[in-house]
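Numbered from 1 within each chain, the chains take letters A, B, ... in sequence-line order.
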Amino acid sequence: MSNREITAEMLIKRYGDFAAVNEVSFKVSDGEIFGFLGPNGAGKSTIVSILTTLALPTGGRATVGGYDVVTQADDVRQIAGVALQEIGLDPLMKSLEMLTIQGQLFGMSRRQAQDRAMELLHLVKLEKFTDRAVGKYSGGMRRRLDLALALVHEPYVLFLDEPTTGLDPASRRDIWEEVRRLNRDKGVTIFLTTQYLEEADELADRLAIIDAGKIVAEGTPSSLKASLGGESINLTFLDAAAVETAKAQLNGLANKMQVDRNTLRLYLPGAAAAVPTAVAKLQGAGIDLVSLTLTQPTLDDVFLEVTGQRFSADVKTEDTAEEVA
Amino acid sequence: MATIQTTTTGAIKLAGKRTRHTARMPFLWQVSMMAWRAIRITLRTPAEFLPGVFISVFFLFIYQDTLGNASGFLPGLAGKSYLGFILPLSVISTALSGASLAGQSIVRDIDNGYFDKLSLTPVSRSALVLGPMLAGALLLAFQALIVVVLGVILGLRPETGVGGIFTLLGYALLTGLAFSGFTVGIALLTGSPGATAGSSFLFFPLSFLTATFVPLDLLSGWIQTAATYNPITYILEAMRHLMLEGWDIEIMTRGFLSCLLMAAVTYSFALYGMRVRVRRK
């Protein structure tokens with residue numbers, strides 16, 4: 001019985017003594033975008049190659065769309081689309097040719113395959129470059145074509161292995177847009193690996209953090225961040241005297257208060273919800289506010305918490321600024 | 001707005017949604033499509049196949065001009081065209097020097113990752129092997145055609161006429177298929193461009209351990225023994241007979257079977273290579 005789920009139970013992949021994937025279990029539901037976040041060499045690509053039938057697990061069991069990836073590989077290939085980290089394009093071919101061949105290999109007539117190819121080229125905004133050799137495409141164009149190739153046979157489940165690694169921010173946004181659209185409009189279940197915290201945050205409904213072959217945390221991006229309880233309201237005033245007055249006024253609102261020059265930080269869970277109360281109290285006391293920002297813990301903080309190390313790739317602070325007039 | 005409707009077969013289909021393509025392409029279609037693709041790609045890199053044509057033409061001139069005048073001294077060849085005797089050898093050399101084209105196209109696919117992409121489609125493994133083999137063979141037959149046309153310009157008048165020339169090209173095609181299978185197998189097993197380019201040289205001894213420059217019965221000792229068991233001997237013999245003597249069913253059949261035997265062996269080897277390559281680890 002076919003569905004759109006992905007399951008893994010105690011999946012193991014060993015190379016000699018080294019366990020690239022060590023007893024990994026998870027379940028991705030129908031229509032979900034599931035992110036696998038981890039640094040280079042954490043085992044992400046190995047899991048993708050097992051799930052997409054390119055490699056065999058050493059132990060454990062996995063299914064894609066209800067089909068066993070070991071014993072029903074052909075069925076898995078029919079319903080799964082794959083865009084690997086190493087883009088598999090022939091530089092001498094043209095995009096239209098490659099998509100047409102792909103369609104025909106999945107059983108379409110030449111005509112059907114060509115129609116489908118044009119449809120996909122429009123979708124990934126490459127319709128103007130059908131006649132250019134793929135070798136002359138930019139990195140972003142190659143990624144988009146690779147994505148189109150993965151979609152030719154209208155897969156129910158899509159595997160994207162680091163789909164935006166090495167792309168410029170604009171191309172990255174394009175891919176994100178496309179992934180969301182596929183998920184929203186076609187109900188495609190998406191399994192995505194990434195080493196970008198921002199990407200996982202942006203796309204994934206749910207994510208697992210993987211480090212050294214093991215899942216170390218799992219949940220929605222916001223629940224993972226909330227679990228740290230590091231949210232804060234940051235209030236900046238004109239001078240130190242105003243800070244002191246404000247501190248006295250707001251006493252009892254937060255778990256912890258911290259003064260940093262003219263800025264007062266209030267640490268409390270559900271910080272956003274407490275903003276109106278804080279602002280009302282300050283107005284009541286006639287204290288002028290220069291700025292107000294909210295800080296949420298980042299996935300990087302989560303990663304630090306669960307693995308004891310920082311992500312080296314892109315450490316960013318994600319401040320959600322909210323100006324108060 | 002998808003409405004569920006029941007088709008006459010009783011299957012449930014979502015209206016307004018494309019039906020899934022689960023059908024498989026017929027095998028021969030797969031083969032010809034993969035072959036067509038390989039040919040187009042090769043033609044986009046003329047630097048890969050032009051040297052082969054050049055070498056064959058070169059050999060033809062060299063053999064003709066250095067040995068042509070000596071042919072009168074060779075028993076059995078007196079009064080006959082040495083060009084007709086040596087041209088089949090040139091055709092074989094063409095097949096040899098160009099055979100790695102087929103393997104190279106596979107190595108390139110492995111290298112750029114397109115091979116993985118193909119192997120994740122429902123395409124038949126045999127079609128992935130046969131496609132490039134057939135493409136290689138067709139390219140070699142085309143190169144052989146150039147050699148033959150040149151031969152005709154140089155004065156070759158085959159005993160069997162135009163029909164003979166086409167039959168000769170048929171032999172060239174089958175020989176090319178056989179050699180291509182070998183380089184495809186090496187390509188799949190090693191994934192290395194160097195090993196694949198070098199692999200066709202392994203066949204070079206075969207083209208000399210045969211009735212290369214003189215008829216078989218003029219050979220002696222171990223070379224004659226080797227030549228007797230070398231299938232190329234019989235392919236050469238069939239082609240030469242076409243050029244110099246005329247039609248002979250027995251000789252032609254022997255040549256044809258030798259081609260088929262070689263092609264069957266190398267195809268099996270290439271399939272084995274494919275099995276090793278796509279075996280999941």
Note to self: If you apply the rule ring pair (Phe, Tyr, Trp, His ring centres under 6.0 Å), what do you find for Phe191(A) with Phe26(A), and how did you get there?
What the structure shows: CA-CA 11 Å; Phe191(A) 183 96; Phe26(A) 58 86; 5.6 Å; yes

Item checked: Exercise: do Gln85(A) and Ser45(A) side chains pair donor with acceptor under 3.5 Å -> yes

Notebook entry, point to check: Among Val76(A), Thr53(A), Leu56(A), Leu149(A), who wins on heavy-atom pairs under 4.5 Å with chain B?
Noted result: Leu56(A)

Note to self: Is Asp109(B) in contact with chain A via its backbone, its side chain, both, or neither, using a 4.5 Å heavy-atom distance?
What the structure shows: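 Side chain of Asp109(B) only, per the 4.5 Å heavy-atom cut-off to chain A.
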
Note to self: So for Arg40(B), is it side chain, backbone, both, or neither that comes closer than 4.5 Å to the heavy atoms of chain A?
What the structure shows: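 For Arg40(B), the side chain is the part near chain A, not the backbone.
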
Next item on the list: Indicate the atoms forming the closest heavy-atom contact of Val278(B) with Ser119(B), along with that distance.
Entry: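 Result for this residue pair: CG1-CB, 4.4 Å.
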
Next item on the list: Over 60° means perpendicular and under 30° means parallel, so classify the ring planes of Phe34(A) and Phe36(A), tilted if in between.
Entry: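 Aromatic pair Phe36(A)/Phe34(A) classed tilted.
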
Check: Do you know which of Asp116(B), Asn112(B), Leu118(B) has the most heavy-atom pairs with chain A at a distance under 4.5 angstrom?
Finding: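 Most pairs with chain A among the choices: Asn112(B).
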
Next item on the list: Identify whether the distance between the nearest side-chain nitrogen and carboxylate oxygen of Glu97(A) and Arg44(B) falls below 4.0 Å.
Entry: yes

Checklist line | Interface moiety of Ile50(A) toward chain B, non-hydrogen atoms closer than 4.5 Å | finding: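 No part of Ile50(A) comes within 4.5 Å of chain B.
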
